[in-house]
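Notes follow the structure.
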Amino acid sequence: MNWLPNTLLFFAAWLAVFAQTQFAPVAGLLGAPLCIVPALVVYAALTSNIAVMTGLVLFAGMAIDSLSANRLGVSLPPLFVVGFLVHARQHLILRDQVYAQVWLGIGAGWAVPLGTQTLLSMVRPEPISGWPTLWHLVFGAALNGAMCPLCFVLFGRLRDAFDYRPVVESSFRPDRQIKRGRS
Amino acid sequence: MSKRAHHLAIGTVAVLALVVLNLPPATAGRVKLAFAGLFLPLFGIAGSGQSFVDRASYALLTRSTLISEVERLRKENADLRLAALQAQGAMAENARLRASLGWTPKAPWKRRAARVVGREPTTFWRNITIDVGARDGILVNQAVLTGDGLVGRIREVGPTQSQVALIGDPDCGVSVIIAETRDNAVIQEARSAAIGDGYVTLRTLQNSPEILAGHLVLTSGLGGVFPRDIPVGRIVDTRSVDRGLCTEARVKLAANLNRLEEVWVLTP
């Protein structure tokens with residue numbers, strides 16, 4: 001069942017991208033869409049191998065661009081850069097600490113839309129930008145900062161439930177058992 | 001091994017991003033549609049869930065509420081019938097005058113109803129997804145509106161779904177005319193992708209101090225994308241810009257873009 005947690009990660013990304021296109025009244029009230037893909041990429045970068053992280057970036061990035069008016073492929077570089085940087089330094093990151101997860105989520109939630117906007121600004125037509133963009137960045141950072149530890153908790157439980165359990169070896173050997181009695 | 005895997009991942013993403021970003025628009029559109037197809041089951045489930053919630057809410061309505069709603073609709077129906085009669089008379093007169101001047105007769109609008117199934121997932125564009133596509137005869141650049149006014153134009157068409165660029169999107173320029181003063185103007189792109197405020201800015205081609213708050217803004221028909229005389233909104237306030245050379249005005253949109261559920265696509 002090793003493949004199941006990774007499959008569920010892709011499933012969560014599929015649902016998260018779709019959820020970004022729904023809940024219009026909530027998004028309208030908050031003034032920004034509910035994008036949690038950066039938090040999922042941070043989680044994948046810290047807990048999975050680079051192939052899974054890259055696969056998630058390719059899938060989620062292409063999915064976001066296909067449901068959006070974005071130029072196809074423009075979401076890939078920012079998502080991959082964030083995921084790669086976290087993955088390359090994963091041995092230095094205290095990934096079990098909640099504050100580290102929160103700060104990584106905040107950083108990713110801020111960097112991904114900023115990177116995407118920078119790339120979009122290089123081609124025509126330029127995307128909409130203004131003061132509200134700053135709010136989008138702040139909101140995205142806060143949302144992903146909150147979601148990142150939640151991803152660790154939820155997927156950690158799933159991994160515990162479905163991953164192979166370590167074999168516990170005992171020093172007990174039946175052939176060395178001292179048998180008392182007459183026989 | 002680890003470094004090799006890292007190099008392989010960087011190379012894969014770099015090559016793929018470069019290839020995809022440089023695809024011709026038609027091919028990129030087809031790839032987008034293929035990826036968007038992955039979400040069709042979720043769009044279907046969301047649609048069914050919405051209709052279930054609607055039906056459940058109808059079942060909860062009281063009899064007195066329904067009766068008062070029927071009364072209101074009867075009154076509105078009578079008003080609309082009267083307005084339609086007047087409009088028919090005006091249209092007949094218009095057709096006679098056009099015929100006497102030798103002008104081509106105005107073709108009536110054909111429309112196709114569509115349901116809004118998705119919104120833009122990013123903050124960079126004003127965009128919605130509707131549940132009609134090429135199979136329903138939808139083409140790029142067709143006008144999209146509600147009973148209240150203009151919504152936008154078709155940006156991309158898939159077999160069963162289409163994307164609509166809303167008013168205020170950088171990809172949806174609208175040429176308009178102020179009904180009272182007959183000044184031509186252009187709706188500019190919004191400064192925010194948040195569509196909750198419902199305002200856009202228009203800019204006239206020359207300074208027009210006659211434009212006042214409350215004036216009606218209609219499509220001018222220039223550019224060939226939008227038919228003439230579709231209501232866009234009303235002027236809220238104006239100011240002189242570019243050292244008095246032009247006038248800029250805030251327009252409150254007639255259609256509430258934040259609460260779009262059903263729209264009409266104008267087909268030829």
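To find a chain, count down the sequence lines: A is the first, B the second, and so on, and within it residues start at 1.
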Note to self: Distance check, rounded to the nearest 0.5 Å: A:S75 atom OG versus B:F124 atom CZ?
What the structure shows: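 Result: 7.5 Å between the selected atoms.
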Margin query: Working to the nearest 0.5 angstrom, can you tell me the gap between B:T123 OG1 and A:Q117 CD?
Written below: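 One finds 6.5 Å between OG1 of B:T123 and CD of A:Q117.
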Next item on the list: Could you tell me whether the side chain of B:E120 and the main chain of A:A69 form a donor-acceptor pair under 3.5 Å?
Entry: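 Indeed, once roles are kept as given, a pair shorter than 3.5 Å links the two residues.
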Next item on the list: Mind ranking B:L23, B:N127, B:L260, B:T129 by heavy-atom pairs under 4.5 Å with chain A and telling me who comes out on top?
Entry: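 Of B:L23, B:N127, B:L260, B:T129, B:N127 has the most heavy-atom pairs under 4.5 Å with chain A.
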Please look at [X] and chain B and tell me whether the side chain, the backbone, both or neither of the residue comes under 4.5 angstrom of a heavy atom of that chain.
X      : result
A:T54  : side chain
A:L120 : side chain
A:F18  : both
A:W14  : both

Among [options], which residue has the highest count of heavy-atom pairs closer than 4.5 Å to chain B?
options                     : result
A:G55, A:A63, A:A19, A:A51  : A:A63
A:Q22, A:H87, A:M53, A:M62  : A:M62
A:I64, A:L67, A:T116, A:L15 : A:L67

Sorted by number, residues from [range] in contact with chain A (heavy atoms, under 4.5 Å):
range                       : result
residues 140-164 of chain B : B:R155, B:Q163
residues 11-21 of chain B   : B:V13, B:L16, B:A17, B:V20, B:L21
residues 28-45 of chain B   : B:A28, B:V31, B:K32, B:F35, B:A36, B:L38, B:F39, B:L42, B:F43

Check whether any side-chain heavy atom of [X] sits under 4.5 Å from a side-chain heavy atom of [Y], and report yes or no.
X      : Y      : value
B:P121 : A:P33  : no
A:I128 : B:P170 : yes
B:T122 : A:N70  : yes

Item checked: Contacting region of B:V117 [heavy-atom separation from chain A under 4.5 Å] ->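 B:V117 touches chain A through backbone heavy atoms alone.
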Next item on the list: Sorted by first residue and then second, give each side chain to side chain donor-acceptor pair (under 3.5 Å) pair with at least one member in residues 16-26 of chain B; sequence neighbours left out.
Entry: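 Sorted pair list comes back empty.
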Checklist line | Heavy-atom neighbours of A:R89 CZ exceed 12 at 6.0 Å | finding: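 At most 12 heavy atoms, drawn from other residues, nucleotides or ligands, come within 6.0 Å of this atom.
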Next item on the list: Mark yes when over 12 heavy atoms from residues, nucleotides or ligands other than B:R250 sit less than 6.0 Å from its CZ; otherwise mark no.
Entry: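 Yes, the 6.0 Å shell around CZ holds more than 12 heavy atoms from other groups.
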